[in-house]
Chemist: 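Right, I'll just put the structure down here and ask away after.
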Amino acid sequence: NQATQQYTVKATVSGKTFYDTNEDNGFDTGEPGVSGVLVDLFKKSATGAYDTHVMSDTTDSGGMYNFPNRTEGDYMIQVGKPANYVIITSNPRYTTLGGNKTLNFAMRKYHATGKVYFDSNQNGSLNTGEAGYPGATITLSGPINTSLTSSADGTFSIKTLSVGDYTATVTVPTDYKNTSPTAIAFTIPPDKTGLNFGIFPKYTVSGNVFIDENGNDKKNGSEVNYPAKPSIKLNDTTTYVTTNSNGTYSISGLLSSTYTVSYDKVPAGYFPTYPLNGPPQQYSVKVGTLCPALPTTPGSPTGGACDVS
């Protein structure tokens, strides 16, 4: 009789934990290993559960782990969570050994994301439809210090953060004011979303339509506003700006520029005393950085705008 010989196949399960810099869940040349990560190997038992702990390893300086001389069977590999990384690859992973297997684990750093936006209703919150502001500078301070600019749609993303306390600060662009806090403190982990910064053009032109009883072109102490909504236009458009029923108007959301403010519906029984150009009566008003200084003459007909003609 010939003797029957039986062989036990031995195989190795190995792999790498690595910093997936482009976050594509695949290892690319040059992506560094993550050292010091605990990796555990479990084998499937007769019950069907992966409840038999076989051995552990800790990744070396190159992120490598190694489980040699394993018998055939179904195995589970589970990696511990390193302090400054988020595991991208499914964890744990499963494999059936009939030969050597390589199972890598991709990891990324923590993220912080947000948006610099035109806060059209000035409520300090990002609402649906509010456009982003491109090119704003956001500065991050903390364990990682960096700065970046908002993209074409106003969004920004920082993807290289480690654990710790941070502050994100926006530099408010020229001609704008902030409608929400300019600095937001947060802690990593977890990933931080909603770092939103609202801004709005900061200049306003305002004034009155008043009954000039003495005809001296200025509103004196006893003279009252015309008790109705004035018909005010900005830059000769076909749309009237929103005005108040007490004869006042206020046009906000303006950047540094020269604007034309006109009044084209003089009520029946009245005639204009100032300005006398037109029709329609109109001012050419410079606001913002175009203004060398605000007027100080009492009774200025523009109520605070500068360089009016």
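All residue numbers in this chain count up from 1 along the given sequence. Since the model is a prediction, treat every value here as computed from it, not as a measurement.
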Chemist: Once you measure the plane-to-plane angle for Tyr176 and Phe118, does it fall in the parallel (<30°), tilted (30-60°) or perpendicular (>60°) bin?
Modeler: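 Ring orientation of Tyr176 relative to Phe118: tilted.
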Chemist: Measure across Ala112 and Leu161 and return the closest heavy-atom pair with its distance rounded to 0.1 Å.
Modeler: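 Ala112 and Leu161 have their closest heavy atoms at CB-CD1, 3.6 Å.
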Chemist: Please test Lys101 against Thr95 for side-chain hydrogen bond (donor to acceptor under 3.5 Å, both in side chains), starting from the C-alpha separation and ending with a verdict.
Modeler: CA-CA 8 Å; Lys101 290 292 181 69; Thr95 188; 3.1 Å; yes
Chemist: Determine whether Ser262 and Gln281 make a side-chain contact, defined as any pair of heavy atoms from C-beta on separated by less than 4.5 Å.
Modeler: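 Sidechains of Gln281 and Ser262: no contact.
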Chemist: How long is the straight-line distance from OG1 of Thr187 back to CG of Asp165, given to the nearest 0.5 Å?
Modeler: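 It comes to 4.0 Å.
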Chemist: Please step through side chain to side chain contact (heavy atoms under 4.5 Å, CB included) for the pair Asp51 and Phe42, ending with a clear verdict.
Modeler: CA-CA 6 Å; Asp51 54 6; Phe42 296 84; over 6 Å; no
Chemist: Test side-chain hydrogen bond (donor to acceptor under 3.5 Å, both in side chains) on Thr12 and Ser14; report intermediate values, then the result.
Modeler: CA-CA 6 Å; Thr12 295; Ser14 61; over 6 Å; no
Chemist: Is there a side-chain contact between Phe156 and Thr149 in this structure, where contact means two heavy atoms from C-beta onward sitting under 4.5 Å apart?
Modeler: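 A side-chain contact is absent here, since even the closest heavy-atom pair is not under 4.5 Å.
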Chemist: When you group the ILVMFWY residues by side-chain heavy-atom contacts below 4.5 Å and let the links chain together, are Val261 and Val266 in the same group?
Modeler: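 In one cluster: yes.
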Chemist: State the CG-NZ distance between Asn246 and Lys229, to the nearest 0.5 angstrom.
Modeler: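 If I round to the nearest 0.5 Å, the distance is 10.5 Å.
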Chemist: Do Ser56 and Leu38 touch side chain to side chain, with heavy atoms closer than 4.5 Å?
Modeler: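 Contact flag for Ser56/Leu38 side chains = yes.
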Chemist: Ignoring hydrogens and geometry beyond distance, is a side-chain donor-acceptor pair present between Asn22 and Asp28 at under 3.5 Å?
Modeler: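 Yes, a side-chain donor-acceptor pair sits under 3.5 Å.
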Chemist: Measure centre to centre between the rings of Tyr226 and Tyr270, then say whether the value is under 6.0 Å.
Modeler: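 Yes, close enough.
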Chemist: For a 4.5 angstrom cut-off between non-hydrogen side-chain atoms, does Asn214 reach Glu223?
Modeler: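 Result yes, sub-4.5 Å side-chain heavy-atom pair found.
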Chemist: Val86 and Tyr110: side chain to side chain contact (heavy atoms under 4.5 Å, CB included), yes or no, with the steps?
Modeler: CA-CA 7 Å; Val86 176; Tyr110 286 96; 3.4 Å; yes
Chemist: Any chain of hydrophobic side-chain contacts (each under 4.5 Å) joining Val79 to Met55?
Modeler: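 Cluster IDs for Val79 and Met55 match.
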Chemist: Do Ser180 and Asp119 get their side chains close enough for a donor-acceptor pair, meaning under 3.5 Å?
Modeler: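 On atom types as modelled, these side chains do not qualify, holding no pair under 3.5 Å.
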Chemist: Could you tell me whether the side chain of Asp57 and the main chain of Val39 form a donor-acceptor pair under 3.5 Å?
Modeler: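 No; judged by distance alone, with no hydrogens or angles, the pair does not exist.
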Chemist: Using only heavy-atom distances, determine whether the side chains of Thr204 and Ser206 contain a donor-acceptor pair under 3.5 Å.
Modeler: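 No pair is found: no donor N or O on one side chain lies under 3.5 Å from an acceptor on the other.
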Chemist: Which is it for Tyr263 and Tyr283 under the ring pair (Phe, Tyr, Trp, His ring centres under 6.0 Å) test, yes or no, and what are the steps along the way?
Modeler: CA-CA 9 Å; Tyr263 179 49; Tyr283 291 115; over 10 Å; no
Chemist: Any side-chain heavy atom of Tyr65 within less than 4.5 Å of one from Ile77?
Modeler: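 Yes, close enough: below the 4.5 Å cut-off.
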Chemist: Checking side-chain hydrogen bond (donor to acceptor under 3.5 Å, both in side chains) for the pair Gln282/Thr260: CA distance, chi angles, key distance, verdict?
Modeler: CA-CA 7 Å; Gln282 59 186 244; Thr260 299; 4.7 Å; no
Chemist: Could you give the distance from OG1 (Thr171) to CG (Asn178), rounded to the nearest 0.5 Å?
Modeler: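 So the OG1 of Thr171 and the CG of Asn178 are separated by 11.5 Å.
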Chemist: Give a yes or no on whether the backbone of Thr273 and the side-chain of Asp212 come within a donor-acceptor separation of less than 3.5 Å.
Modeler: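 No; judged by distance alone, with no hydrogens or angles, the pair does not exist.
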Chemist: Work out which heavy atom in Ala183 is nearest to a heavy atom in Thr167; give both atom names and the distance.
Modeler: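 Scanning both residues completely, I find the closest heavy atoms to be CB-CG2, 4.0 Å.
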Chemist: Is the shortest heavy-atom distance from the side chain of Leu254 to the side chain of Pro201 under 4.5 Å?
Modeler: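 No, side chains not in contact.
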Chemist: Could you measure the distance from the CG atom of Asp40 to the CE atom of Met76? Nearest 0.5 Å is fine.
Modeler: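 One gets 8.5 Å once the value is rounded to the nearest 0.5 Å.
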Chemist: Compute whether any side-chain donor of one residue and acceptor of the other, for His111 and Glu23, lie under 3.5 angstrom apart.
Modeler: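 There is such a pair (donor and acceptor under 3.5 Å, judged by atom type) between the side chains of His111 and Glu23.
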Chemist: Taking Asp60 for the side chain and Gly62 for the main chain, is one N or O donor matched with an acceptor at less than 3.5 Å?
Modeler: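 The answer is yes, because a donor-acceptor pair under 3.5 Å joins these two groups.
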Chemist: Roughly how far, to the nearest 0.5 Å, is CZ of Arg70 from CG of Leu97?
Modeler: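 With rounding to 0.5 Å, CG (Leu97) is 9.0 Å from CZ (Arg70).
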Chemist: Any heavy-atom pair between the side chains of Lys159 and Ser157 that's under 4.5 Å?
Modeler: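 Counting from C-beta outward, Ser157 and Lys159 do come under 4.5 Å.
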Chemist: Does any non-hydrogen side-chain atom of Asn145 lie less than 4.5 Å from one of Leu140?
Modeler: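 A side-chain contact under 4.5 Å is absent here.
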Chemist: Go through Ile251 and Ile232 one step at a time and tell me if the side chain to side chain contact (heavy atoms under 4.5 Å, CB included) criterion holds.
Modeler: CA-CA 9 Å; Ile251 308 168; Ile232 304 295; 4.2 Å; yes
Chemist: To the nearest 0.5 Å, what is the distance between CD1 on Ile138 and OG on Ser147?
Modeler: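 Nearest 0.5 Å value for the CD1-OG distance: 9.0 Å.
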Chemist: For Lys81 versus Tyr85, what's the shortest heavy-atom pair and its separation?
Modeler: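 Heavy-atom minimum between the residues: NZ-O, 3.3 Å.
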Chemist: Tell me the closest heavy-atom pair linking Leu126 and Tyr117, and the distance in Å.
Modeler: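 Distance-wise, the nearest heavy atoms are N-OH, 3.3 Å.
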Chemist: Answer yes or no on whether Lys109 is positioned over the face of Tyr19, meaning its NZ or CZ is under 6.0 Å from the six-membered ring centre and within 45° of the axis.
Modeler: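 Yes, Lys109 sits over the ring of Tyr19.
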Chemist: Looking at every non-hydrogen atom in both residues, tell me the closest pair between Ser162 and Asn84 and how far apart they are.
Modeler: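 Minimum heavy-atom contact is CB-OD1, 3.3 Å.
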Chemist: So which atom in Thr21 and which in Pro32 form the shortest heavy-atom distance, rounded to 0.1 Å?
Modeler: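 Taking Thr21 first and Pro32 second, the nearest heavy atoms are CG2-CD, 4.4 Å.
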Chemist: Quick one: do the Asp153 and Thr155 side chains pair a donor with an acceptor below 3.5 Å?
Modeler: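 The answer is yes; a qualifying pair exists.
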Chemist: After noting the C-alpha distance and the side-chain angles of Val287 and Val205, does the key distance pass the side chain to side chain contact (heavy atoms under 4.5 Å, CB included) rule?
Modeler: CA-CA 8 Å; Val287 301; Val205 172; 3.5 Å; yes
Chemist: Could you check whether any side-chain N or O of Thr59 sits under 3.5 Å from a backbone N or O of Val34, counting only pairs where one atom can act as donor and the other as acceptor?
Modeler: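 Yes; at least one donor-acceptor contact below 3.5 Å.
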Chemist: Let me see the working for Asp20 and Asn25 under side-chain hydrogen bond (donor to acceptor under 3.5 Å, both in side chains), right down to the final yes or no.
Modeler: CA-CA 7 Å; Asp20 189 9; Asn25 201 17; over 6 Å; no
Chemist: If hydrophobic clusters are built by linking Ile, Leu, Val, Met, Phe, Trp and Tyr wherever their side-chain heavy atoms come under 4.5 Å apart, do Tyr50 and Val54 end up in the same one?
Modeler: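 The answer is no; the residues belong to distinct hydrophobic clusters.
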Chemist: Using only heavy-atom distances, determine whether the side chains of Asn208 and Thr248 contain a donor-acceptor pair under 3.5 Å.
Modeler: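 No, no side-chain donor-acceptor pair sits under 3.5 Å.
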Chemist: May I have the step-by-step check of salt bridge (Lys or Arg N to Asp or Glu O under 4.0 Å) for Asp191 and Arg108, ending in yes or no?
Modeler: CA-CA 11 Å; Asp191 290 339; Arg108 65 165 174 84; 2.7 Å; yes
Chemist: For residues Phe200 and Tyr133: do they belong to one hydrophobic cluster (side chain heavy atoms under 4.5 Å, members Ile, Leu, Val, Met, Phe, Trp, Tyr)?
Modeler: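 Not linked; separate clusters.
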Chemist: Count I, L, V, M, F, W, Y as connected when their side-chain heavy atoms are under 4.5 Å apart, and connections chain through other members. Are Phe27 and Ile87 then in the same cluster?
Modeler: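 In one cluster: no.
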Chemist: Do Thr179 and Gln122 pair up side chain to side chain, a donor and an acceptor below 3.5 Å, judged on atom types alone?
Modeler: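 Note: Thr179 and Gln122 side chains miss the donor-acceptor criterion.
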